[in-house]
Amino acid sequence: MLEVRGLTKRFGSIVAVEDFSLAVAAGEILALLGPSGCGKTTVLRIVAGLERPDSGRVLLAGQDATDWPPERRGVGLVFQSYALFPHLSVAANVAYGLRFKGGDRKGRVGELLALVGLSGFERRKPHQLSAGQQQRVALARALAPEPRVLLLDEPLSALDAALRKDLRAELRGLLGKLGMTALYVTHDQGEALALADRVAVMREGRIEQVAPPADLYARPRTPFVAQFLGRANLWPGRVVSVDGDRAIVEVAGERIAAERGECRDGDEVFLFFRPEWVEVGEGTFTAEVESAEYLGDRWELRARFHGLPLVLVTAHNLRPGNTFPFAVSSALAIRR
């Protein structure tokens, strides 16, 4: 439904996007995830027709739309700031998305407000709504003309944490119900994992990795992806032997089994594992607790293993200075 090929965009001496290519299947929700300034919003604006690429092409449903104006592209836009018209009612804001459409506008507005749970709010003005309700109006307006692709730019980032969590679940369900193709820009890792069918992690205008959320979390291809997507332990080491898809990695004089990934015998690597993959009370390795933070249902510990930092989560109440045995239940070798 959406494909971009070799996009490059510069703003003066700054390269915002470089040789960027990506395809989004019909009905797929794809999240662009990355830190501020990595180019994700620039990609979104190019797809929407609000920016012109210096090179590269934008294809919509197989047609080259690079030179099309925004109104011809058939995309819907939802912004972080909602961008509602303060002097218009809820109904009039939603109807604005239908200004180029014929048919029963009033009926379509009613249908959309029911879809986003705002039936009965037709006559209210934006200032009479909560932040979450305003975002629902912005979503209804974007959906009004039945876009081929929905583009969402940090749409939940202005909301408080609890409301953001509730709305992302609603949004995921709504987009799935409609079979909507969506490109979703966010810097929030949890949001991307919860909402998207696939996640593209960006860094400095390029894609580091594209994969389904579970694969991205468990099998990052680069140290950047490992650290950006959730908490991670990364220990420098070297592959000392390989057997099929398994490897033995030497770290601080100890040998630890791991998935080989893309590494080969002799490669300098990082041994990667998540905090929840550490099993306290098991194994032959020993670490010393430096600090402990109580999180309600578990403790997050910072410890040291042969001088290497170790982050883990456990039900055990361990105090700074305590030593404990541990094992790593799963690990991956990532080439340095």
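Numbers for residues simply follow the sequence, beginning at 1. As the structure is a computational prediction, the values presented were derived from the model and not from experiment. Values below: all heavy atoms of this structure, side chains included; hydrogens, waters and symmetry mates excluded.
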Has the side chain of [X] got a donor or acceptor atom that lies under 3.5 Å from a matching backbone atom of [Y]?
X      : Y      : answer
Gln209 : Arg219 : yes
Asn233 : Val311 : yes
Arg73  : Trp68  : yes
Ser329 : Trp277 : yes
Asp265 : Val242 : no
Arg274 : Ala218 : no
Trp235 : Val269 : no
Lys125 : Pro86  : no
Thr8   : Asp19  : yes
Thr181 : Gly27  : yes

Does the distance from a Lys or Arg side-chain N to an Asp or Glu carboxylate O, for [X] and [Y], drop under 4.0 Å?
X      : Y      : result
Arg336 : Asp267 : no
Arg298 : Glu276 : no
Glu290 : Arg302 : no

What class does the angle between the rings of His87 and Phe85 fall in, given that below 30° is parallel, 30 to 60° is tilted and above 60° is perpendicular?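 The rings of His87 and Phe85 stand perpendicular, inter-plane angle above 60°.
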For the pair Tyr294 and Trp299, name the ring-plane relationship: parallel under 30°, tilted 30 to 60°, perpendicular over 60°.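 Tilted.
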Step by step, work out the side-chain contact (heavy atoms from CB on, under 4.5 Å) result for Leu301 and Val278. CA-CA 11 Å; Leu301 306 182; Val278 179; over 6 Å; no
Does [atom1] belonging to [X] count more than 12 external heavy atoms closer than 6.0 Å?
X      : atom1 : answer
Arg10  : CZ    : no
Asp297 : CG    : yes
Arg108 : CZ    : yes
Arg264 : CZ    : no
Leu295 : CG    : yes

Non-hydrogen atoms of [X] and [Y] that approach each other most closely:
X      : Y      : answer
Met180 : Ile29  : O-CG1, 4.4 Å
Leu60  : Ala65  : CD1-CB, 3.8 Å
Phe273 : Ser330 : CB-O, 3.4 Å
Ala140 : Leu112 : O-CD1, 3.6 Å
Glu51  : Phe11  : OE1-CE2, 4.0 Å
Pro220 : Ile334 : O-CD1, 3.6 Å

Quick one: does [X]'s side chain get under 4.5 Å of [Y]'s, heavy atoms only?
X      : Y      : result
Val75  : Leu2   : no
Arg231 : Glu300 : yes
Leu143 : Val78  : no
Arg172 : Leu195 : yes
Leu129 : Phe121 : yes
Ile46  : Val4   : no
Thr186 : Ser157 : no
Ile14  : Lys9   : no

Euclidean distance, [Y] [atom2] relative to [X] [atom1], rounded to 0.5 Å:
X      : Y      : atom1 : atom2 : answer
Glu262 : Thr222 : CD    : OG1   : 10.0 Å
Leu178 : Glu146 : CG    : CD    : 9.5 Å
Glu28  : Arg198 : CD    : CZ    : 4.0 Å
Met202 : Phe228 : CE    : CZ    : 11.0 Å
Leu216 : Leu193 : CG    : CG    : 7.5 Å
Leu167 : Gln135 : CG    : CD    : 7.5 Å

Asp188 vs Arg164, side-chain contact (heavy atoms from CB on, under 4.5 Å): CA-CA, chis, key distance, verdict: CA-CA 11 Å; Asp188 186 303; Arg164 190 162 63 240; 3.9 Å; yes
Check against salt bridge (Lys or Arg N to Asp or Glu O under 4.0 Å), Arg304 and Glu288: CA-CA 5 Å; Arg304 286 278 165 180; Glu288 181 177 344; over 6 Å; no
[X] and [Y]: same hydrophobic cluster, using ILVMFWY side-chain contacts below 4.5 Å?
X      : Y      : value
Val240 : Val251 : no
Leu175 : Val185 : no
Leu59  : Phe20  : no
Val199 : Leu22  : no
Tyr217 : Phe272 : no

Cut-off 3.5 Å, side chains only: do Glu191 and Tyr184 have a donor facing an acceptor?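 Per modelled atom types, Glu191 and Tyr184 side chains form a pair under 3.5 Å.
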Can a side-chain donor-acceptor contact be found between Thr66 and Asp64 if the only test is distance below 3.5 angstrom?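 There is such a pair (donor and acceptor under 3.5 Å, judged by atom type) between the side chains of Asp64 and Thr66.
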Show, in sequence, the C-alpha distance, side-chain angles and deciding distance for Leu139 and Leu115, and conclude whether the side-chain contact (heavy atoms from CB on, under 4.5 Å) test is met. CA-CA 10 Å; Leu139 178 61; Leu115 188 66; over 6 Å; no
Report the C-alpha separation of Val137 and Val94 in whole Å, then their side-chain angles, then the decisive distance to 0.1 Å, and conclude whether the side-chain contact (heavy atoms from CB on, under 4.5 Å) test is met. CA-CA 7 Å; Val137 174; Val94 176; 4.1 Å; yes
As a test of understanding, state which of Leu32, Val210, Val225, Ile207 forms a side-chain contact (heavy atoms from CB on, under 4.5 Å) with Val201.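 Output: one option passes, namely Val225.
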